[in-house]
Amino acid sequence: MFLRQLEPRTARTTAEVIKFALWPLAVMTVLNRVFIKAVNGFITDDYRPVYQASFDFLNGRPVYTANFDSVDPHYLYPPSGTLLIAPIAAIDYEKSRWLFIALNAIAILIAWYLLLRLFRYTLHSVAAPALLLAMFSSETVINTLVFTNVNGCVLLAELIFIHLLLKRRDLWAGAALGLSIAVKPTLAPLLLIALVRGQWKVFVTALGVPLALTAIAWPLVKDPEKFITRTAPYLFESRDYFNSAIVGNGEYYGLPPWLTWGMRVALGVLVLISLWLLYRYYREDELFFVCTSSGVLLTASFLLSSLGQMYYSMMLFPFLMTVVLRNSVLRNWPAWLAIFGFMSYDKWLSDRWQHIGRNLEYLRITFGWGLLLIVVFCVLGDRYLAARRAGRLPFGIDPAWMSSAPDPRGEQPQPPVAAALPAETHRPQNGSTPAEQNRISVEP
């Protein structure tokens with residue numbers, strides 16, 4: 001009977017065949033990344049300084065003693081993060097590292113499931129193995145596990161925050177965000193989304209949790225003031241190694257400060273315009289607005305701040321998943337060329353063309369983040385200009401054809417007001433203003 005299940009009596013659907021093919025590929029990829037690549041490790045070891053600092057904390061020794069003149073990974077977590085992460089040093093280093101790999105792998109798997117549910121997919125959909133395979137094939141997941149850092153837990157905090165934010169469970173959403181900020185401030189820009197949505201209670205726990213943990217940890221850490229006087233200033237400095245932010249590559253290639261500042265300001269302006277368009281025309285489309293805005297904010301923080309590393313891109317998974325939405329800004333090839341730049345695990349170092357290969361490898365992340373921000377601006381800007389020319393701005397900026405575009409999730413189209421109206425009602429008639437025409441059109 002078991003063998004008969006291998007050959008169905010009726011033809012499989014295309015989606016079912018693809019699903020059956022992807023699941024073993026996805027599962028075996030996960031096992032390889034966790035039990036082989038991660039356990040093997042690499043010359044870069046983000047975990048050792050964290051373990052050492054935790055061990056020193058538990059034994060009442062100074063924690064903030066890193067030598068910032070070296071290029072080795074440094075311990076940079078604040079006292080609140082030290083308090084949360086200290087239990088990892090209760091056992092020996094090797095077993096502790098394995099447990100930390102497992103913790104982050106489990107966190108990524110839970111985040112994968114939450115990401116599916118966020119976009120209304122189930123484990124039985126073809127999206128489940130496809131997303132799992134894509135995540136564990138990316139540089140960001142592989143190096144998070146291999147280097148053994150906390151990014152997997154930060155991704156989980158992000159997905160929990162987005163879920164709870166959309167459900168208007170503000171205090172719990174802030175608590176999830178606050179726990180991640182207590183360790184590292186990667187997700188702090190997401191507070192802007194809560195701000196513009198008027199979800200003020202998020203700030204109570206998002207700021208209260210790290211402040212409370214800091215108050216508890218401060219008297220327990222041997223040298224907490226050193227985080228303020230030594231570590232914090234270093235965090236705001238730019239460095240020319242392992243830094244894919246504009247300023248980092250600018251220093252590596254010896255660019256004049258005015259040029260790096262010019263690029264940062266120019267891209268910053270594009271980001272502000274993109275965020276304004278998202279808020280002005282998409283804030284009612286909550287899933288699209290929250291996930292797209294979070295992607296723009298986080299990408300900008302990686303690219304325009306003093307430090308951006310490739311595996312930070314893990315936090316962009318909710319944004320990349322918006323490609324399944326009809327009005328996604330990622331349904332074009334330049335967007336995925338950009339995503340390849342900062343997500344691909346491929347190495348572009350060349351033995352034959354060393355100079356070219358080195359430049360491709362070092363710059364692809366910076367160019368990828370930058371191109372992604374430019375694509376978002378261009379897509380939203382083009383929609384805005386097209387809607388203004390057609391007199392459709394009072395009804396939104398989505399093109400009319402978008403209401404009938406296929407939805408991979410199998411949901412029924414929900415056409416915007418502009419698409420539901422006859423073409424002639426897109427323009428003011430009988431002397432009415434656009435606002436009046438909008439009111440008249442949507443009333444029964």
Side-chain angles (χ1 to χ4, degrees), residues 46 66 68 71 73-78 81 139-140 143-144 147 149-151 154-155 157-158 161 177 180-195 206-207 210 227-228 230-253 255-275 292-319 338-339 341-343 362-377:
D46 289 346
F68 295 137
V71 297
H74 308 304
Y75 182 73
L76 304 174
Y77 297 160
E139 183 277 345
T140 180
N143 280 344
T144 286
F147 298 166
N149 60 53
V150 76
N151 287 340
V154 177
L155 174 65
E158 180 187 12
F161 168 74
L177 195 62
S180 74
I181 293 174
V183 178
K184 57 193 304 187
T186 306
L187 300 181
L190 300 187
L191 285 171
L192 181 61
I193 297 177
L195 175 66
L207 300 179
F227 177 79
I228 304 297
R230 291 189 74 251
T231 306
Y234 174 78
L235 289 172
F236 289 100
E237 295 176 359
S238 60
R239 66 193 197 197
D240 61 359
Y241 63 94
F242 302 137
N243 187 1
S244 296
I246 288 177
V247 65
N249 268 323
E251 290 191 13
Y252 179 81
Y253 286 100
L255 300 183
W258 66 265
L259 182 55
T260 57
W261 272 109
M263 289 188 287
R264 294 167 82 183
V265 170
L267 283 169
V269 171
L270 300 189
V271 168
L272 290 176
I273 295 173
S274 298
L275 291 174
T292 304
S293 298
S294 68
V296 172
L297 284 168
L298 292 173
T299 305
S301 70
F302 304 155
L303 184 64
L304 306 181
S305 66
S306 60
L307 176 64
Q309 294 185 295
M310 189 175 181
Y311 54 36
Y312 292 176
S313 301
M314 182 184 293
M315 311 312 153
L316 302 182
F317 280 138
F319 177 36
I339 293 164
F342 57 77
M343 278 291 180
Y362 292 173
L363 292 173
R364 66 187 178 96
I365 306 102
T366 310
F367 284 168
W369 288 336
L371 178 58
L372 186 64
L373 294 177
I374 292 171
V375 167
V376 174
F377 168 78

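If you read the sequence from its start, that first residue is 1, and numbering goes on from there. We use all heavy atoms of the structure for the numbers below, so side chains are in, but hydrogens, waters and symmetry mates are not.
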**Request:** Go through Met314 and Thr144 one step at a time and tell me if the side chain to side chain contact (heavy atoms under 4.5 Å, CB included) criterion holds.
**Result:** CA-CA 9 Å; Met314 182 184 293; Thr144 286; 3.3 Å; yes

**Message:** Restricting to non-hydrogen atoms, name the atom on Ala66 and the atom on Tyr75 that form the minimum distance, rounded to 0.1 Å.
**Reply:** CB-N, 4.4 Å

**Request:** State which residues pass ring pair (Phe, Tyr, Trp, His ring centres under 6.0 Å) with Tyr253; sequence neighbours excluded, sorted by chain then number.
**Result:** none

**Request:** Any chance you could measure Leu177, atom CG, to Thr186, atom OG1, to the nearest 0.5 Å?
**Result:** 10.5 Å

**Item:** Minimum heavy-atom distance Ala188-Ile181, with the two atoms named
**Value:** CA-CD1, 4.1 Å

**Message:** With side chain to side chain contact (heavy atoms under 4.5 Å, CB included) as the criterion, how do Tyr312 and Gln309 come out once you've worked through the C-alpha distance, each side chain's angles and the decisive distance to 0.1 Å?
**Reply:** CA-CA 6 Å; Tyr312 292 176; Gln309 294 185 295; 3.4 Å; yes

**Item:** Close side-chain approach of Ile365 and Asn249, heavy atoms under 4.5 Å
**Value:** no

**Prompt:** What residue pairs, at least two apart or across chains, pass salt bridge (charged side-chain N to carboxylate O under 4.0 Å, His left out) with a residue in residues 307-316?
**Reply:** none

**Asked** Using 30° and 60° as the class limits, which term best fits the ring planes of Phe68 and His74: parallel, tilted or perpendicular?
**Response** perpendicular

**Asked** Of all heavy-atom pairs between Ala245 and Ser305, which one has the smallest distance, and what is that distance?
**Response** CB-O, 3.4 Å

**Message:** To the nearest 0.5 Å, what is the distance between CH2 on Trp369 and CG on Leu316?
**Reply:** 8.5 Å

**Message:** With heavy-atom distances below 4.5 Å as the criterion, would you say the side chains of Val376 and Phe319 are in contact?
**Reply:** yes

**Message:** On a heavy-atom basis, which atom in Ala182 and which in Pro78 lie closest, and how many Å separate them?
**Reply:** O-CG, 3.3 Å

**Request:** Look at the side chain of Ser294 and the backbone N and O of Leu190, then say whether any donor-acceptor pair between them is shorter than 3.5 Å.
**Result:** no

**Asked** Would a 4.5 Å heavy-atom cut-off, applied to side chains only, mark Tyr234 and Glu237 as touching?
**Response** yes

**Prompt:** Just wondering, do Asn151 and Met315 contact through their side chains at under 4.5 Å, heavy atoms?
**Reply:** yes

**Request:** Could you please spell out the steps behind the side chain to side chain contact (heavy atoms under 4.5 Å, CB included) verdict for Glu139 and Phe342?
**Result:** CA-CA 8 Å; Glu139 183 277 345; Phe342 57 77; over 6 Å; no

**Item:** Sequence-distant partners of Arg364, salt bridge (charged side-chain N to carboxylate O under 4.0 Å, His left out), two or more places apart
**Value:** Glu361

**Prompt:** Just wondering, more than 12 heavy atoms not from Tyr241 lying within 6.0 Å of its OH?
**Reply:** yes

**Request:** Check whether any side-chain N or O of Ser244 sits under 3.5 Å from a backbone N or O of Thr366 as a donor-acceptor pair, and report yes or no.
**Result:** no

**Prompt:** Out of curiosity, Met310 CE to Tyr362 OH, how far, rounded to the nearest 0.5 Å?
**Reply:** 13.5 Å

**Prompt:** Any side-chain heavy atom of Ser313 sitting closer than 4.5 Å to one from Met343?
**Reply:** yes

**Message:** Exactly one of Leu304, Leu255, Leu259 should register a side-chain contact (heavy atoms from CB on, under 4.5 Å) with Ile246. Which one does?
**Reply:** Leu304

**Asked** Is there a donor-acceptor pair under 3.5 Å between the side chain of Thr299 and the backbone N or O of Val296?
**Response** no

**Item:** Which atom of Leu191 lies closest to which atom of Ala206, heavy atoms considered
**Value:** CD2-CB, 3.6 Å

**Request:** Please say whether more than 12 non-hydrogen atoms of neighbouring residues, nucleotides or ligands are located less than 6.0 Å from OH in Tyr252.
**Result:** yes

**Message:** Quick check: do Leu373 and Ser274 have side-chain heavy atoms less than 4.5 Å from each other?
**Reply:** no

**Prompt:** Do Val183 and Val154 touch side chain to side chain, with heavy atoms closer than 4.5 Å?
**Reply:** no

**Asked** Do the non-hydrogen side-chain atoms of Phe242 and Arg239 ever get within less than 4.5 Å of each other?
**Response** yes

**Request:** Calculate, to the nearest 0.5 Å, the distance between atoms CZ and CG belonging to Phe302 and Leu297 respectively.
**Result:** 10.5 Å

**Asked** Between Ser180 and Leu187, which heavy-atom pair has the shortest distance, and what is it?
**Response** OG-CD1, 3.6 Å

**Prompt:** Is it true that a side-chain atom of Asp46 and a backbone atom of Pro73 form a donor plus acceptor pair closer than 3.5 Å?
**Reply:** no

**Message:** Strictly distance-based, threshold 3.5 Å: is any side-chain N or O of Asn243 a donor or acceptor partner for the main-chain N or O of Gly308?
**Reply:** yes

**Request:** Report the C-alpha distance between Leu270 and Ile374 in whole Å, list the side-chain angles of each, state the deciding distance to 0.1 Å, and finish with yes or no for side chain to side chain contact (heavy atoms under 4.5 Å, CB included).
**Result:** CA-CA 7 Å; Leu270 300 189; Ile374 292 171; 4.1 Å; yes

**Item:** Interatomic distance, Glu251 atom CD to Thr260 atom OG1 [nearest 0.5 angstrom]
**Value:** 8.0 Å

